[in-house]
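Here's the structure we're looking at; comments come further down.
Values reported hereafter were calculated over all heavy atoms of this structure, with side chains retained and with hydrogens, waters and symmetry mates removed. Given the structure is predicted, the values throughout are model-derived calculations rather than measurements. Positions are given from 1, in the same order as the sequence printed here.
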Amino acid sequence: MNSTTYKISVEGLNLHHVLAFFEKQKIPVTNLVREGDHRLVLSLKKADFVKFKKSNLYRAYKVEILSKSGPEKLVRALCKNIGLVVGIVFVLSMTINLTSHVYAIKIIDPSHICQNQENCIFLPENQAKILHFLEENGVKKGMSFGSVPPSRDIEKLLMKNFDGISGASLERRGVNLYLTIKEAELPAPSIDLVASRNGIVVSLEVVSGKPNVKIGDIVLMGDTLVEPDGDAPVTATVVIRTFYHEITIYNEEQITYRPTGRVATKRSFKFDLFGISEKEPQSPYKLYKSQVKTNYVFYNLFLPLVTKTTTFYELEEVQEIVPYAEVEKSLKGELEAKTRQTLSPLAEEKNVTFAEYKEGSRVRLDCYIEAYLTEKK
(Lines give C-alpha, C1' and ligand atoms only; values in the text may rest on other atoms or scores of the structure.)
Protein backbone atom coordinates (compact mmCIF):
# COMPACT_ATOMS: atom_id res chain seq x y z
CA MET A 1 0.00 0.00 0.00
CA ASN A 2 3.06 2.37 -0.12
CA SER A 3 1.80 3.81 -3.40
CA THR A 4 -1.40 5.04 -1.74
CA THR A 5 -1.72 8.86 -1.63
CA TYR A 6 -3.64 10.77 1.07
CA LYS A 7 -5.20 14.19 0.46
CA ILE A 8 -5.45 15.91 3.85
CA SER A 9 -6.34 19.26 5.38
CA VAL A 10 -4.45 20.78 8.31
CA GLU A 11 -6.13 23.54 10.37
CA GLY A 12 -4.63 25.67 13.11
CA LEU A 13 -2.30 28.55 13.92
CA ASN A 14 1.31 28.94 12.77
CA LEU A 15 0.97 26.57 9.81
CA HIS A 16 4.56 27.38 8.84
CA HIS A 17 5.64 24.89 11.55
CA VAL A 18 3.91 22.10 9.59
CA LEU A 19 5.70 23.02 6.38
CA ALA A 20 9.00 23.25 8.26
CA PHE A 21 8.41 19.75 9.65
CA PHE A 22 7.82 18.30 6.17
CA GLU A 23 10.96 20.04 4.89
CA LYS A 24 13.11 18.83 7.82
CA GLN A 25 11.86 15.22 7.48
CA LYS A 26 12.30 15.41 3.69
CA ILE A 27 8.68 14.48 3.15
CA PRO A 28 7.58 15.33 -0.41
CA VAL A 29 4.35 17.29 -0.52
CA THR A 30 2.23 17.74 -3.65
CA ASN A 31 -0.85 19.73 -4.57
CA LEU A 32 -0.23 22.18 -1.72
CA VAL A 33 -2.97 24.84 -1.38
CA ARG A 34 -3.27 27.43 1.38
CA GLU A 35 -6.92 28.26 2.09
CA GLY A 36 -6.86 31.32 4.25
CA ASP A 37 -4.52 31.88 7.20
CA HIS A 38 -5.48 28.80 9.16
CA ARG A 39 -5.91 25.91 6.66
CA LEU A 40 -3.61 23.92 4.38
CA VAL A 41 -4.69 21.29 1.82
CA LEU A 42 -1.98 18.95 0.51
CA SER A 43 -1.21 15.45 -0.72
CA LEU A 44 1.44 13.00 0.55
CA LYS A 45 2.21 9.30 0.55
CA LYS A 46 0.65 7.01 3.15
CA ALA A 47 4.01 6.22 4.76
CA ASP A 48 4.77 9.92 5.11
CA PHE A 49 1.34 10.57 6.59
CA VAL A 50 1.97 7.84 9.17
CA LYS A 51 5.29 9.50 10.06
CA PHE A 52 3.50 12.88 10.42
CA LYS A 53 0.76 11.29 12.57
CA LYS A 54 3.35 9.90 15.02
CA SER A 55 4.93 13.29 15.57
CA ASN A 56 4.07 15.64 18.49
CA LEU A 57 3.22 18.34 15.94
CA TYR A 58 0.28 16.33 14.63
CA ARG A 59 -1.65 16.68 17.90
CA ALA A 60 -1.36 20.47 17.81
CA TYR A 61 -3.50 20.73 14.67
CA LYS A 62 -6.81 19.50 13.37
CA VAL A 63 -5.97 17.02 10.62
CA GLU A 64 -8.61 15.49 8.35
CA ILE A 65 -8.20 12.93 5.54
CA LEU A 66 -10.17 14.28 2.60
CA SER A 67 -9.62 11.42 0.15
CA LYS A 68 -7.41 8.44 -0.71
CA SER A 69 -6.15 7.27 -4.09
CA GLY A 70 -4.20 4.17 -5.14
CA PRO A 71 -4.37 0.46 -4.12
CA GLU A 72 -5.83 1.11 -0.68
CA LYS A 73 -8.81 2.90 -2.20
CA LEU A 74 -9.34 -0.02 -4.54
CA VAL A 75 -9.12 -2.55 -1.70
CA ARG A 76 -11.59 -0.58 0.39
CA ALA A 77 -13.98 -0.36 -2.55
CA LEU A 78 -13.72 -4.12 -3.08
CA CYS A 79 -14.31 -4.83 0.60
CA LYS A 80 -17.28 -2.45 0.65
CA ASN A 81 -18.82 -4.21 -2.36
CA ILE A 82 -17.63 -7.74 -1.54
CA GLY A 83 -21.08 -9.22 -2.18
CA LEU A 84 -21.24 -7.76 -5.67
CA VAL A 85 -17.66 -8.81 -6.44
CA VAL A 86 -18.20 -12.37 -5.22
CA GLY A 87 -21.44 -12.55 -7.19
CA ILE A 88 -19.76 -11.41 -10.41
CA VAL A 89 -16.85 -13.82 -9.89
CA PHE A 90 -19.23 -16.66 -9.08
CA VAL A 91 -21.48 -16.09 -12.11
CA LEU A 92 -18.50 -15.62 -14.41
CA SER A 93 -16.69 -18.69 -13.12
CA MET A 94 -19.83 -20.83 -13.27
CA THR A 95 -20.44 -19.70 -16.85
CA ILE A 96 -16.89 -20.60 -17.83
CA ASN A 97 -17.14 -23.90 -15.98
CA LEU A 98 -20.46 -24.89 -17.57
CA THR A 99 -19.41 -23.98 -21.10
CA SER A 100 -16.10 -25.83 -20.81
CA HIS A 101 -17.68 -29.19 -19.95
CA VAL A 102 -19.84 -31.60 -21.95
CA TYR A 103 -23.52 -31.22 -21.11
CA ALA A 104 -24.74 -34.20 -23.17
CA ILE A 105 -23.67 -36.69 -25.85
CA LYS A 106 -26.23 -37.23 -28.59
CA ILE A 107 -26.29 -39.72 -31.45
CA ILE A 108 -27.58 -38.27 -34.72
CA ASP A 109 -30.31 -40.59 -35.94
CA PRO A 110 -30.69 -40.04 -39.71
CA SER A 111 -33.60 -41.43 -41.68
CA HIS A 112 -32.30 -44.72 -43.04
CA ILE A 113 -33.45 -48.11 -44.21
CA CYS A 114 -31.22 -51.05 -43.38
CA GLN A 115 -31.49 -54.81 -43.46
CA ASN A 116 -29.75 -55.41 -40.15
CA GLN A 117 -33.12 -55.76 -38.38
CA GLU A 118 -32.63 -56.26 -34.61
CA ASN A 119 -28.91 -55.53 -35.06
CA CYS A 120 -29.60 -52.05 -36.45
CA ILE A 121 -27.16 -49.71 -34.73
CA PHE A 122 -29.83 -46.99 -34.42
CA LEU A 123 -32.23 -49.02 -32.28
CA PRO A 124 -32.60 -47.40 -28.80
CA GLU A 125 -31.05 -50.37 -27.00
CA ASN A 126 -28.04 -50.39 -29.35
CA GLN A 127 -27.58 -46.62 -28.99
CA ALA A 128 -27.62 -47.09 -25.21
CA LYS A 129 -24.85 -49.69 -25.57
CA ILE A 130 -22.76 -47.22 -27.61
CA LEU A 131 -23.18 -44.43 -25.05
CA HIS A 132 -22.35 -46.84 -22.20
CA PHE A 133 -19.27 -48.03 -24.08
CA LEU A 134 -18.10 -44.43 -24.63
CA GLU A 135 -18.60 -43.68 -20.93
CA GLU A 136 -16.49 -46.71 -19.97
CA ASN A 137 -13.74 -45.29 -22.19
CA GLY A 138 -13.85 -41.82 -20.62
CA VAL A 139 -16.10 -40.00 -23.10
CA LYS A 140 -19.02 -38.92 -20.94
CA LYS A 141 -21.23 -36.12 -19.70
CA GLY A 142 -19.40 -33.63 -17.49
CA MET A 143 -15.95 -34.18 -18.97
CA SER A 144 -13.84 -31.21 -20.04
CA PHE A 145 -13.97 -30.42 -23.75
CA GLY A 146 -10.18 -30.18 -23.64
CA SER A 147 -9.92 -33.87 -22.72
CA VAL A 148 -12.25 -35.18 -25.46
CA PRO A 149 -10.25 -37.60 -27.67
CA PRO A 150 -9.83 -36.78 -31.38
CA SER A 151 -12.76 -37.80 -33.59
CA ARG A 152 -10.53 -40.24 -35.50
CA ASP A 153 -9.64 -42.10 -32.29
CA ILE A 154 -13.33 -42.39 -31.37
CA GLU A 155 -14.08 -43.75 -34.85
CA LYS A 156 -11.37 -46.44 -34.58
CA LEU A 157 -12.58 -47.45 -31.12
CA LEU A 158 -16.23 -47.80 -32.19
CA MET A 159 -15.43 -49.64 -35.42
CA LYS A 160 -13.25 -52.09 -33.51
CA ASN A 161 -15.94 -52.93 -30.96
CA PHE A 162 -19.19 -52.66 -32.97
CA ASP A 163 -19.63 -54.66 -36.16
CA GLY A 164 -22.57 -52.48 -37.16
CA ILE A 165 -20.43 -49.31 -37.42
CA SER A 166 -18.36 -48.60 -40.54
CA GLY A 167 -17.57 -44.97 -39.76
CA ALA A 168 -18.14 -42.30 -37.11
CA SER A 169 -17.36 -38.67 -36.34
CA LEU A 170 -17.65 -36.64 -33.13
CA GLU A 171 -18.48 -32.94 -33.34
CA ARG A 172 -18.92 -30.23 -30.71
CA ARG A 173 -21.96 -27.98 -31.00
CA GLY A 174 -22.25 -25.54 -28.11
CA VAL A 175 -22.09 -27.55 -24.90
CA ASN A 176 -23.10 -30.85 -26.55
CA LEU A 177 -21.18 -33.56 -28.41
CA TYR A 178 -22.90 -35.02 -31.49
CA LEU A 179 -21.93 -38.47 -32.72
CA THR A 180 -22.62 -39.18 -36.39
CA ILE A 181 -22.55 -42.88 -37.28
CA LYS A 182 -22.29 -44.59 -40.63
CA GLU A 183 -23.95 -47.97 -40.33
CA ALA A 184 -22.28 -51.07 -41.74
CA GLU A 185 -24.17 -53.68 -43.74
CA LEU A 186 -23.93 -56.83 -41.68
CA PRO A 187 -23.73 -60.22 -43.42
CA ALA A 188 -26.95 -62.18 -43.56
CA PRO A 189 -27.27 -64.76 -40.78
CA SER A 190 -26.09 -68.23 -41.70
CA ILE A 191 -28.74 -70.71 -42.76
CA ASP A 192 -26.48 -73.62 -41.77
CA LEU A 193 -25.83 -75.03 -38.29
CA VAL A 194 -22.12 -74.32 -37.76
CA ALA A 195 -19.72 -75.54 -35.05
CA SER A 196 -18.61 -72.72 -32.74
CA ARG A 197 -15.68 -74.73 -31.25
CA ASN A 198 -13.43 -77.66 -31.96
CA GLY A 199 -14.64 -80.97 -30.54
CA ILE A 200 -16.12 -84.42 -31.02
CA VAL A 201 -19.77 -85.02 -31.92
CA VAL A 202 -21.44 -87.01 -29.10
CA SER A 203 -25.10 -86.47 -30.00
CA LEU A 204 -26.98 -85.65 -33.20
CA GLU A 205 -30.68 -84.94 -33.63
CA VAL A 206 -31.96 -83.60 -36.96
CA VAL A 207 -35.63 -82.67 -37.50
CA SER A 208 -35.05 -81.02 -40.89
CA GLY A 209 -31.89 -80.51 -42.87
CA LYS A 210 -29.00 -82.56 -44.17
CA PRO A 211 -26.37 -83.64 -41.57
CA ASN A 212 -22.73 -83.44 -42.66
CA VAL A 213 -21.36 -85.21 -39.57
CA LYS A 214 -22.07 -88.32 -37.52
CA ILE A 215 -21.50 -89.27 -33.88
CA GLY A 216 -17.78 -89.64 -33.16
CA ASP A 217 -16.62 -87.24 -35.88
CA ILE A 218 -14.02 -84.60 -35.02
CA VAL A 219 -15.17 -81.11 -36.04
CA LEU A 220 -13.36 -77.79 -36.18
CA MET A 221 -14.75 -74.35 -35.42
CA GLY A 222 -16.60 -73.09 -38.48
CA ASP A 223 -17.42 -76.55 -39.90
CA THR A 224 -20.99 -77.00 -41.19
CA LEU A 225 -22.78 -79.57 -39.06
CA VAL A 226 -26.20 -79.48 -40.73
CA GLU A 227 -27.23 -77.69 -43.95
CA PRO A 228 -30.68 -77.07 -45.48
CA ASP A 229 -32.25 -79.87 -47.50
CA GLY A 230 -34.60 -78.17 -49.92
CA ASP A 231 -36.60 -75.11 -48.89
CA ALA A 232 -37.16 -76.13 -45.27
CA PRO A 233 -34.91 -74.32 -42.73
CA VAL A 234 -32.49 -76.30 -40.60
CA THR A 235 -33.92 -77.61 -37.33
CA ALA A 236 -31.34 -79.68 -35.50
CA THR A 237 -29.43 -80.16 -32.23
CA VAL A 238 -25.82 -81.31 -32.13
CA VAL A 239 -23.87 -81.85 -28.90
CA ILE A 240 -20.07 -81.53 -29.11
CA ARG A 241 -17.58 -82.68 -26.48
CA THR A 242 -15.04 -79.87 -26.18
CA PHE A 243 -12.41 -78.45 -23.82
CA TYR A 244 -12.00 -74.92 -22.46
CA HIS A 245 -8.38 -74.12 -21.64
CA GLU A 246 -6.48 -71.40 -19.76
CA ILE A 247 -2.90 -71.21 -18.43
CA THR A 248 -0.93 -69.27 -15.84
CA ILE A 249 2.80 -68.96 -15.13
CA TYR A 250 4.09 -68.85 -11.55
CA ASN A 251 7.63 -67.89 -10.51
CA GLU A 252 8.80 -69.15 -7.12
CA GLU A 253 11.28 -66.24 -6.96
CA GLN A 254 8.87 -63.58 -5.77
CA ILE A 255 9.69 -59.88 -5.56
CA THR A 256 7.77 -57.86 -2.97
CA TYR A 257 8.00 -54.26 -1.81
CA ARG A 258 7.94 -53.14 1.80
CA PRO A 259 8.08 -49.68 3.44
CA THR A 260 11.46 -48.43 4.68
CA GLY A 261 9.87 -45.98 7.12
CA ARG A 262 10.99 -42.87 5.22
CA VAL A 263 8.15 -40.49 4.39
CA ALA A 264 8.00 -37.22 2.41
CA THR A 265 5.00 -34.86 2.19
CA LYS A 266 4.43 -32.27 -0.55
CA ARG A 267 1.57 -29.82 -1.03
CA SER A 268 0.07 -28.23 -4.13
CA PHE A 269 -3.05 -26.26 -5.04
CA LYS A 270 -5.68 -26.12 -7.76
CA PHE A 271 -8.21 -23.39 -8.54
CA ASP A 272 -11.04 -25.65 -9.66
CA LEU A 273 -13.18 -23.31 -11.75
CA PHE A 274 -10.41 -22.18 -14.09
CA GLY A 275 -8.25 -25.32 -14.08
CA ILE A 276 -5.27 -23.41 -12.63
CA SER A 277 -2.97 -25.76 -10.75
CA GLU A 278 0.58 -26.32 -9.70
CA LYS A 279 2.73 -28.97 -11.35
CA GLU A 280 2.19 -32.43 -9.88
CA PRO A 281 4.66 -33.05 -7.03
CA GLN A 282 7.47 -35.51 -7.75
CA SER A 283 8.55 -38.25 -5.37
CA PRO A 284 12.06 -37.98 -3.93
CA TYR A 285 12.24 -41.79 -3.85
CA LYS A 286 12.88 -44.25 -6.68
CA LEU A 287 10.44 -46.85 -5.32
CA TYR A 288 7.40 -45.56 -3.49
CA LYS A 289 3.67 -45.61 -2.94
CA SER A 290 1.69 -42.42 -2.51
CA GLN A 291 -1.44 -41.20 -0.74
CA VAL A 292 -3.32 -38.07 -1.84
CA LYS A 293 -5.69 -36.00 0.30
CA THR A 294 -7.73 -33.16 -1.21
CA ASN A 295 -9.43 -30.37 0.73
CA TYR A 296 -11.49 -27.33 -0.24
CA VAL A 297 -10.23 -24.17 1.45
CA PHE A 298 -13.64 -22.47 1.08
CA TYR A 299 -16.63 -24.61 2.02
CA ASN A 300 -19.13 -22.29 0.31
CA LEU A 301 -17.51 -23.13 -3.08
CA PHE A 302 -17.65 -19.47 -4.21
CA LEU A 303 -13.87 -19.60 -4.54
CA PRO A 304 -13.11 -23.31 -4.91
CA LEU A 305 -9.42 -23.27 -4.05
CA VAL A 306 -8.36 -26.87 -3.57
CA THR A 307 -5.29 -27.91 -1.63
CA LYS A 308 -3.77 -31.32 -2.29
CA THR A 309 -1.41 -33.08 0.10
CA THR A 310 0.62 -35.94 -1.39
CA THR A 311 2.46 -38.26 0.99
CA PHE A 312 5.21 -40.46 -0.48
CA TYR A 313 6.24 -43.65 1.34
CA GLU A 314 9.61 -45.08 0.30
CA LEU A 315 9.65 -48.80 -0.58
CA GLU A 316 12.49 -51.28 -0.88
CA GLU A 317 12.59 -54.33 -3.12
CA VAL A 318 12.73 -57.67 -1.32
CA GLN A 319 13.30 -60.95 -3.15
CA GLU A 320 12.17 -64.18 -1.52
CA ILE A 321 11.44 -67.78 -2.46
CA VAL A 322 7.78 -68.88 -2.19
CA PRO A 323 7.54 -72.59 -3.13
CA TYR A 324 4.85 -73.52 -5.62
CA ALA A 325 3.43 -76.05 -3.15
CA GLU A 326 2.48 -73.24 -0.76
CA VAL A 327 0.31 -71.44 -3.32
CA GLU A 328 -0.76 -74.39 -5.49
CA LYS A 329 -4.30 -74.56 -4.09
CA SER A 330 -5.01 -70.83 -4.51
CA LEU A 331 -3.46 -70.73 -8.01
CA LYS A 332 -5.60 -73.65 -9.15
CA GLY A 333 -8.71 -72.03 -7.69
CA GLU A 334 -8.05 -68.74 -9.48
CA LEU A 335 -7.21 -70.44 -12.78
CA GLU A 336 -10.29 -72.67 -12.60
CA ALA A 337 -12.51 -69.62 -12.02
CA LYS A 338 -10.83 -67.81 -14.93
CA THR A 339 -11.36 -70.80 -17.24
CA ARG A 340 -14.98 -71.22 -16.16
CA GLN A 341 -15.68 -67.60 -17.19
CA THR A 342 -14.95 -68.59 -20.82
CA LEU A 343 -17.64 -71.28 -20.89
CA SER A 344 -20.57 -70.74 -23.23
CA PRO A 345 -24.02 -70.53 -21.59
CA LEU A 346 -24.93 -73.53 -23.77
CA ALA A 347 -22.05 -75.62 -22.40
CA GLU A 348 -22.56 -78.23 -19.67
CA GLU A 349 -19.46 -78.73 -17.52
CA LYS A 350 -18.35 -82.33 -17.08
CA ASN A 351 -14.85 -82.48 -15.64
CA VAL A 352 -11.92 -80.28 -14.52
CA THR A 353 -8.25 -81.34 -14.82
CA PHE A 354 -4.88 -79.63 -14.34
CA ALA A 355 -1.46 -80.15 -15.87
CA GLU A 356 1.82 -78.84 -14.43
CA TYR A 357 5.16 -78.18 -16.19
CA LYS A 358 8.15 -76.97 -14.13
CA GLU A 359 11.39 -75.49 -15.43
CA GLY A 360 13.79 -73.92 -12.95
CA SER A 361 11.84 -71.59 -10.65
CA ARG A 362 8.93 -71.24 -13.09
CA VAL A 363 5.82 -73.42 -13.11
CA ARG A 364 3.29 -73.49 -15.96
CA LEU A 365 -0.19 -74.50 -14.81
CA ASP A 366 -2.84 -75.53 -17.37
CA CYS A 367 -6.55 -75.89 -16.56
CA TYR A 368 -8.85 -77.94 -18.81
CA ILE A 369 -12.62 -77.96 -18.38
CA GLU A 370 -14.37 -80.72 -20.30
CA ALA A 371 -17.85 -79.66 -21.39
CA TYR A 372 -20.69 -80.74 -23.65
CA LEU A 373 -21.61 -77.84 -25.95
CA THR A 374 -25.08 -77.79 -27.51
CA GLU A 375 -25.26 -76.36 -31.03
CA LYS A 376 -28.89 -75.73 -31.88
CA LYS A 377 -30.89 -74.18 -34.71
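Both Leu373 and Leu343 are assigned to one and the same hydrophobic cluster, defined by single-linkage of ILVMFWY side chains at heavy-atom distances under 4.5 Å. The hydrophobic clustering, which links ILVMFWY residues whose side-chain heavy atoms are closer than 4.5 Å, places Tyr244 and Val239 apart. Met159 and Ile130 fall within the same hydrophobic cluster, defined by Ile, Leu, Val, Met, Phe, Trp and Tyr side-chain heavy atoms under 4.5 Å apart, directly or through other members. A continuous path of hydrophobic side-chain contacts links Ile107 to Val148 [ILVMFWY only; heavy atoms under 4.5 Å].
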**Message:** I'd like to know whether Val318 forms a side chain to side chain contact (heavy atoms under 4.5 Å, CB included) with Ile255, so could you lay out the CA-CA distance, the side-chain angles of the two residues, the decisive distance to 0.1 Å, and finally the verdict.
**Reply:** CA-CA 6 Å; Val318 179; Ile255 296 177; over 6 Å; no
**Message:** Could you walk me through whether Phe312 and Tyr285 satisfy the ring pair (Phe, Tyr, Trp, His ring centres under 6.0 Å) test, starting with their C-alpha distance in whole Å, then the side-chain angles of each, then the deciding distance to 0.1 Å, before giving a yes or no?
**Reply:** CA-CA 8 Å; Phe312 298 98; Tyr285 311 124; 7.5 Å; no
**Trace of the side chain to side chain contact (heavy atoms under 4.5 Å, CB included) decision for Thr237 with Thr374** = CA-CA 7 Å; Thr237 301; Thr374 300; 3.6 Å; yes
**Request:** Please assess Leu15 against Val10 for the test side chain to side chain contact (heavy atoms under 4.5 Å, CB included), listing each intermediate value before the final yes or no.
**Result:** CA-CA 8 Å; Leu15 292 174; Val10 183; 4.2 Å; yes
**Request:** For ring pair (Phe, Tyr, Trp, His ring centres under 6.0 Å), just list the numbers for Phe354 and Tyr368, CA-CA rounded to whole Å, side-chain angles, deciding distance to a tenth of an Å, and then say yes or no.
**Result:** CA-CA 6 Å; Phe354 294 93; Tyr368 298 91; 9.0 Å; no
**Request:** Just do the ring pair (Phe, Tyr, Trp, His ring centres under 6.0 Å) check on Tyr6 and Phe49 with the steps written out, would you?
**Result:** CA-CA 7 Å; Tyr6 284 13; Phe49 174 77; 5.1 Å; yes
**Message:** Would Val292 and Lys308 count as a side chain to side chain contact (heavy atoms under 4.5 Å, CB included) here? Give the steps.
**Reply:** CA-CA 7 Å; Val292 178; Lys308 185 167 68 173; 3.3 Å; yes
**Message:** Let's go through Phe22 and Phe52 carefully: what are the C-alpha distance in whole Å and the side-chain angles of both, what is the deciding distance for ring pair (Phe, Tyr, Trp, His ring centres under 6.0 Å) to 0.1 Å, and is it a yes or a no?
**Reply:** CA-CA 8 Å; Phe22 290 152; Phe52 175 46; 5.1 Å; yes
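One finds a salt bridge joining Arg39 and Glu11 here, because a Lys/Arg side-chain nitrogen approaches an Asp/Glu carboxylate oxygen to under 4.0 Å. Ion pairing between Glu316 and Arg258 holds under the 4.0 Å rule for side-chain N and carboxylate O. Ion pairing between Lys286 and Glu317 fails under the 4.0 Å rule for side-chain N and carboxylate O. Glu336 and Arg340 are joined by a salt bridge, as a carboxylate oxygen and a charged side-chain nitrogen come within less than 4.0 angstrom of each other. Salt-bridge annotation for Lys45 and Asp48: absent, with no side-chain N of the basic residue lying under 4.0 Å from a carboxylate O of the acidic one. With respect to Glu252 and Lys358, a salt bridge is recorded, a charged nitrogen being found less than 4.0 Å from a carboxylate O. Classification of Glu334 and Lys332 as a salt-bridged pair fails, no side-chain N sitting under 4.0 Å from a carboxylate O. Residues Glu314 and Arg262 are paired through a salt bridge, judged by an N-O separation under 4.0 Å between the basic side chain and the carboxylate.
Around CD of Glu171, the count of heavy atoms belonging to other residues, nucleotides or ligands within 6.0 Å exceeds 12. For CD of Glu136, the number of neighbouring non-hydrogen atoms (other residues, nucleotides, ligands) closer than 6.0 Å is greater than 12.
Here the shortest heavy-atom pairing between Leu19 and Leu32 reads CD2-CD2, 4.0 Å. Minimum heavy-atom separation, Val352 to Ile369: CG2-CG1, 4.1 Å.
At least one donor-acceptor pair closer than 3.5 Å links the side chain of Ser344 to the backbone N or O of Leu346.
Cation-pi contact between Arg362 and Tyr324: absent, since separation from the ring centre below 6.0 Å together with deviation from the ring axis within 45° is not met.
Side-chain atoms of Ser361 and Asn251 include a donor-acceptor pair closer than 3.5 Å.
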